[in-house]
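Take a look at the structure below.
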Amino acid sequence: MEVKKPENIDEYIGGFPNEVQEILEKVRMTIQKAAPEAKEKISYSMPAFEQNGIVVYFAAFKNHVGLYALPSGHEAFQGELSQYKSGKGSVQFPLNKPMPFDLITKIVKFRVKENLDKAKKK
């Protein structure tokens, strides 16, 4: 059975149960507010925001929402992220706990600035 890949973030979010859709939409709005000039896209079958390069990806799973701010975004907020399960470039926010929207905002703003700084050096 072939699963249809989403062509945009609306399609991606629409593929989840209503309660997960609500959380994903709030994550999306949080990212949009923190990076108003970033463009939405689907990359690696996940929602992504791009501004001078990828800012962040996010994705829903059975028990969590994954945020992918590439290694630098996670390294910069190691202390605040320490309570969450994480990998080199990912962090998992459990669906059964409040989403840390303020922390997501800080990470996104950090990544926007980091991408802008890199773009200026080129």
If you look only at pairs with a residue in residues 19-43, which of them pass as a ring pair (Phe, Tyr, Trp, His ring centres under 6.0 Å), with sequence neighbours excluded?
-> none
Besides Met29, the hydrophobic cluster formed by Ile, Leu, Val, Met, Phe, Trp and Tyr side chains linked at under 4.5 Å, directly or via other members, contains none
Return a table of donor-acceptor pairs under 3.5 angstrom between the side chains of residues 75-86 and protein atoms on other chains or two or more places apart.
unit_1, atom_1, unit_2, atom_2, d
Glu80, OE1, Lys106, NZ, 2.6
Ser82, OG, Gly79, O, 2.7

Would you say Ile9 and Met46 are hydrophobically clustered, going by side-chain heavy atoms of ILVMFWY under 4.5 Å?
-> no
Verdict with supporting geometry, His74 and Val91, side-chain contact (heavy atoms from CB on, under 4.5 Å) | CA-CA 8 Å; His74 298 289; Val91 63; 3.6 Å; yes
Measure the shortest side-chain to side-chain distance between Ile42 and Lys5 over non-hydrogen atoms and say whether it is less than 4.5 angstrom.
-> no
Could you list the residues that satisfy side chain to side chain contact (heavy atoms under 4.5 Å, CB included) with Lys113, not counting sequence neighbours?
-> Asp117
Is Glu37 atom CD crowded by more than 12 heavy atoms from other residues, nucleotides or ligands, each under 6.0 Å away?
-> no
side-chain hydrogen bond (donor to acceptor under 3.5 Å, both in side chains) filter on Asp10, not counting sequence neighbours, yields Arg28
Can you give each donor-acceptor pair under 3.5 Å made by side-chain atoms of residues 48-72, sequence neighbours left out, with the distance rounded to 0.1 Å?
unit_1, atom_1, unit_2, atom_2, d
Gln51, OE1, Ala38, N, 3.3
Ser72, OG, Arg111, NH1, 3.4
Ser72, OG, Glu114, OE1, 2.5
Ser72, OG, Glu114, OE2, 3.1

Indicate every side-chain donor-acceptor pair of residues 13-24 with a distance under 3.5 Å to a residue at least two apart or in another chain.
unit_1, atom_1, unit_2, atom_2, d
Gln21, NE2, Gly14, O, 3.4
Gln21, NE2, Phe16, O, 2.6

Hey, what do you get for NZ (Lys26) to CD1 (Ile31), rounding to the nearest 0.5 Å?
-> 14.5 Å
